[in-house]
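Residue numbers start from 1 in every chain, and the chains themselves are labelled A, B, ... in the order their sequence lines are given, proteins ahead of strands.
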Number of protein chains: 2
Amino acid sequence: MSDAPADDQLVVELTDLVFLAAGRLRQGFNAIAAELGLTPAQALALVNLRGPAPMRDLADILSCDASNVTGIVDGLEKRGLVTRRPDPADRRVKHLVLTTEGSRRRDQLTTEANARAEALFAALGPDRTHLRDLLAVVAARQDPQP
Amino acid sequence: MSDAPADDQLVVELTDLVFLAAGRLRQGFNAIAAELGLTPAQALALVNLRGPAPMRDLADILSCDASNVTGIVDGLEKRGLVTRRPDPADRRVKHLVLTTEGSRRRDQLTTEANARAEALFAALGPDRTHLRDLLAVVAARQDPQP
DNA sequence: TGTAGATACTTGAGCAACTCAACTATTGAG
DNA sequence: CTCAATAGTTGAGTTGCTCAAGTATCTACA
């Protein structure tokens with residue numbers, strides 16, 4: 001059995017550091033979103049819109065209620081970044097399609113967010129692959145506790 | 001110069017993994033908070049209350065507006081977990097003091113949250129120290145971009 | 001075919017968590 | 001003594017979310 005208090009301390013440190021890194025990344029993302037006139041949720045939806053896809057799919061990706069997506073997409077549509085296109089094969093479904101401007105804004109968002117992330121991880125140098133591998137092990141765990 | 005597209009891909013992976021790990025940790029924390037009848041913000045405030053401290057300090061720790069703390073502490077006080085004690089030396093200040101029940105609930109929260117975090121990081125084995133060291137490098141960076 | 005149950009989306013009510021501006025009470029510095 | 005700064009509160013407003021209910025449509029099966 002290993003040293004329990006030291007173990008505890010390590011887990012606390014890990015938790016704090018993960019939250020800190022995520023916080024920096026999110027803060028950067030939100031700042032760019034704001035520059036582009038988007039709320040964080042709208043920006044998050046936008047970067048997850050590649051091809052045309054039903055609204056339901058977006059709700060699944062964002063793992064939130066469908067009614068939430070309605071509001072977020074309303075905002076994107078009002079800004080002319082996205083349109084709802086009815087699916088002829090299933091008239092319940094509306095596909096979300098990026099407009100030209102929406103596509104442009106989405107690319108800008110991902111590019112700039114990536115640049116910020118790049119800057120954040122730059123200090124690691126080649127160890128970045130190592131960090132990824134370690135985090136991948138954590139990610140591979142099934143959701144613990146019901 | 002290194003391979004730009006591959007670099008980009010790595011940064012995207014790192015970003016996703018950090019968000020995923022943070023998401024799991026937060027989800028676990030919020031679940032425990034809910035079990036204890038606390039909202040996430042209340043739980044976060046509670047774990048950051050050690051000794052008696054001015055409300056201002058808590059606002060700084062949580063890096064949020066002072067008026068936000070007022071509401072959160074109202075909730076904790078209504079649940080009997082915390083009391084406001086006026087500072088005799090500076091009558092503008094109110095110190096937040098944990099009640100016995102508040103202390104108990106706080107310990108429970110930290111203990112259980114730690115157990116969940118422990119479970120999340122368990123798959124790493126001894127590599128946990130390595131992960132911490134890498135994340136510490138990231139954390140050491142000054143906030144990039146103004 | 002007809003109908004019962006599932007599914008996609010919307011609407012409305014409501015809550016949590018936040019910010020900002022304005023206010024009161026108090027303190028500290030000149 | 002006065003004036004700017006600070007601690008805390010209040011109220012208005014926003015965002016992001018959930019849940020319940022409703023409409024329209026689809027699917028399966030008896």
*Between atom NZ in B:Lys94 and atom P in D:dT6, what is the gap in whole Å?*
19 Å
*Could you walk me through whether A:Leu44 and A:Asn48 pass the side chain to side chain contact (heavy atoms under 4.5 Å, CB included) check?*
CA-CA 6 Å; A:Leu44 198 58; A:Asn48 281 290; 4.2 Å; yes
*Of the non-hydrogen atoms in B:Arg128 and A:Val11, which two are nearest, and what is the gap between them?*
NH1-CG2, 3.9 Å
*Might you point out which heavy atoms bring B:Arg79 and B:Leu38 nearest each other, and give the distance in Å?*
CD-CD2, 3.8 Å
*Counting side-chain heavy atoms from C-beta on, which of C:dT19, C:dC18, C:dT27 comes nearest to B:Asp90?*
C:dT27
*asked:* Heavy-atom nearest nucleotide on DNA chain C for A:Arg92 versus A:Asp65: which residue maps closer to 5'?
replied: A:Arg92
*asked:* Could you check whether any side-chain N or O of B:Arg24 sits under 3.5 Å from a backbone N or O of B:Ala117, counting only pairs where one atom can act as donor and the other as acceptor?
replied: no
_Residues B:Arg50, B:Asp57: salt bridge by 4.0 Å N-O rule_ = no
*A:Leu96 CG to C:dA8 C1': how many Å, rounded?*
12 Å
*N or O in side chain of B:Ser67 less than 4.0 angstrom from C:dC20 OP1/OP2*: no
*Sub-4.0 Å heavy-atom contacts from residues 42-54 of chain A onto DNA chain D, ordered by number*: none
*Is the shortest side-chain N to carboxylate O distance from A:Glu112 to A:Arg116 below 4.0 Å?*
no
_Gap between atoms CD1 and C1', on A:Ile61 and C:dA8 respectively (whole Å)_ = 16 Å
_Can you list, in residue-number order, the parts of residues 68-88 of chain A that come under 4.0 Å of DNA chain C, counting heavy atoms only?_
A:Thr70, A:Arg84
_Length of the CZ-C1' vector between B:Arg91 and D:dG8, whole Å_ = 15 Å
_Spacing between A:Asn30 atom CG and C:dC18 atom C1', to the nearest angstrom_ = 13 Å
*Please report the closest heavy-atom contact between B:Phe19 and A:Ala22, naming both atoms and the distance.*
CE2-O, 3.6 Å
*Nearest of C:dT11, D:dG8, D:dG16 to any side-chain atom of B:Arg56?*
D:dG8
*Measure the distance from CZ on B:Arg26 to C1' on D:dG16 and round it to the nearest whole Å.*
13 Å
*Round to a whole Å and report the spacing from CG of A:Leu62 to P of D:dG16.*
11 Å
*Between A:Arg56 and A:Asp60, is there a salt bridge with N-O shorter than 4.0 Å?*
yes
Can you give the donor-acceptor pairs under 3.5 Å from side chains of residues 63-71 of chain A to other protein atoms, not counting sequence neighbours?
from: A:Asp65; atom 1: OD2; to: A:Ser67; atom 2: N; distance (Å): 2.9
from: A:Asp65; atom 1: OD2; to: A:Ser67; atom 2: OG; distance (Å): 2.7

*Between D:dG8, D:dT18, C:dT10, spot the one nearest the side chain of A:Cys64, thanks.*
D:dT18
